[in-house]
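A short worksheet on the structure shown next.
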Protein chains: 2
Amino acid sequence: MNDSDSKPASRRSDATRTAILDAARERFAADGYERATIRAIARDANIDPSMVMRYYGNKEGLFAAAVAIDLQMPDLGAFPRHDVGRALVTHFLDMWEENEVLTALLRVGVTNQAGAERMQGIFRDQLLPTARHVCPDPEQVPTRAALCATQVLGLALTRYVLRLPPVVALVREEIVAWLAPTLQRYLTAPSP
Amino acid sequence: MNDSDSKPASRRSDATRTAILDAARERFAADGYERATIRAIARDANIDPSMVMRYYGNKEGLFAAAVAIDLQMPDLGAFPRHDVGRALVTHFLDMWEENEVLTALLRVGVTNQAGAERMQGIFRDQLLPTARHVCPDPEQVPTRAALCATQVLGLALTRYVLRLPPVVALVREEIVAWLAPTLQRYLTAPSP
DNA sequence: TACGGTTGCCAACAAGTGTTGACCAACAAA
DNA sequence: TTTGTTGGTCAACACTTGTTGGCAACCGTA
């Protein structure tokens, strides 16, 4: 342990490490925290369960390593003001459909305290700063960003987790057309 | 087992039975399906775990008995057409805050297949028929009801489960003021 | 009184969990 | 070669889970 930062220093076991992370992401996304067992993850990664412990300490450490979220929020200030709602929806749809990690975090956030706190952190560090660039009154930023979160997470919940049939049936363009005005209003409309 | 229906036929053990159900509701709401253990529920109800099995067969039976949801949906046709959005939000806020069962079902729906299917059933049998009374085009009813579900469940998720601070901080009037127009549009506005 | 059913507790089972330590094979540096 | 480090497996640990069957106390009825 001489290189404690900046240099990953490729190890011979890197393949195994990433195999574990991949399997973990998949299992956490499909089963949630409790039902995603270390044994099942190890089986998916074709290694022994004890390797998971060696490389990631314990189950919480594995989860922390597997689920690292970067929303890659765009600069909403760069869009025409009347278009930020649409920009937000499309961005979130992109994120969510290319990346099972978001579903994993949502599932875990519901059953696990640490997961819930992680979601709070992502909201605070990634969504809030973005909203700051479009909201008129800085004092209203948390409220408006929170309202956007309710709508976006509600869509993710019903579409990717609960799978309500009519929500699953919606095509991308419909979602954008319906949700964009909602987010637009939450972000920029005068406070009611 | 001679009275298989209609007459509850009060038993001496009724107090225990309802104590179990109460404890079960609380635990399912707080912990979700997997982490709400029968032992913990029995401890809360001050009885032996084996009693739970005797009265409710198994854990799934207990969940089915504990979580029976009646949304008590109002007849939206009785409201002025421009007011159905507001009526929906206030009704759901009432339901959700007086009744921990809804939070229980939401938590379980995320981690348990049977729970998810139960939510789909509630949507189909209780929300859909209500929406039918306000939507112009019957063909659009599922879509519009589904959109309402995304917003309402998103609020419940972020407020009662994830507890995002700015969502928790919202007072009832703010929620109504912000969400009513959204639901109103999802229900009655012309399809975009 | 005796008796059958109900209510309840206790102890145990089998299975599955996260986690640990002993042990072996391959490799790299000396 | 020898030595030390790394990657990996195996078997077991301590514990928790849902679930079961036996047994004692109580009840209303006959």
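Lettering follows sequence order; numbering is per chain, from 1.
- Regarding A:Arg39, its CZ atom lies at a distance of 13 Å from the C1' atom of D:dT16, rounded to whole Å.
- A salt bridge does not link B:Arg163 to A:Glu117: none of the charged nitrogens lies less than 4.0 Å from a carboxylate oxygen.
- The pair B:Arg172-B:Asp94 meets the salt-bridge criterion, since a charged nitrogen lies less than 4.0 angstrom from a carboxylate oxygen.
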A:Ile47 vs A:Val52, side-chain contact (heavy atoms from CB on, under 4.5 Å): CA-CA, chis, key distance, verdict: CA-CA 9 Å; A:Ile47 46 96; A:Val52 179; 4.1 Å; yes
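- Listed by residue number, A:Asp48, A:Ser50, A:Met51, A:Arg54, A:Tyr55 are the residues of residues 48-62 of chain A with a heavy-atom contact under 4.0 Å to DNA chain D.
- For the residue pair A:Gln151 and B:Thr150, a side-chain donor N or O sits within less than 3.5 Å of a side-chain acceptor on the partner.
- For B:Ala24, the side-chain contact (heavy atoms from CB on, under 4.5 Å) partners at least two apart in sequence or on another chain are B:Phe28, B:Ile41, B:Leu62, B:Ala66.
- Between B:Asp31 atom CG and D:dT16 atom P the separation is 16 Å, expressed in whole Å.
- No salt bridge links A:Glu34 with A:Lys59; every basic N to acidic carboxylate O contact stays at or beyond 4.0 Å.
- Taking only distance into account, the side chain of A:Arg11 never meets the base of D:dG7 through a donor-acceptor pair shorter than 3.5 Å.
- Taking atom CD1 of B:Ile41 as the reference point, atom P of D:dT19 lies 11 Å away to the nearest angstrom.
- Remark: C1' of C:dT6 and CD1 of B:Ile47 are 16 Å apart, rounded to the nearest angstrom.
- Nucleotide D:dC15 holds its P atom 20 Å from the CD atom of A:Glu34, rounded to whole Å.
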Nucleotide-resolved protein contact map, nucleotides 25-30 of chain D, B/S/- at heavy-atom distance under 4.0 Å: --S---
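- Atom CG of A:Asp14 and atom P of D:dG8 are 10 Å apart (whole Å).
- Seen from the ring of B:Tyr55, B:Arg17 counts as a face-on cation partner, given the 6.0 Å and 45° thresholds.
- In this structure, A:Arg107 contributes its side chain and A:Gly32 its backbone to no donor-acceptor pair below 3.5 Å.
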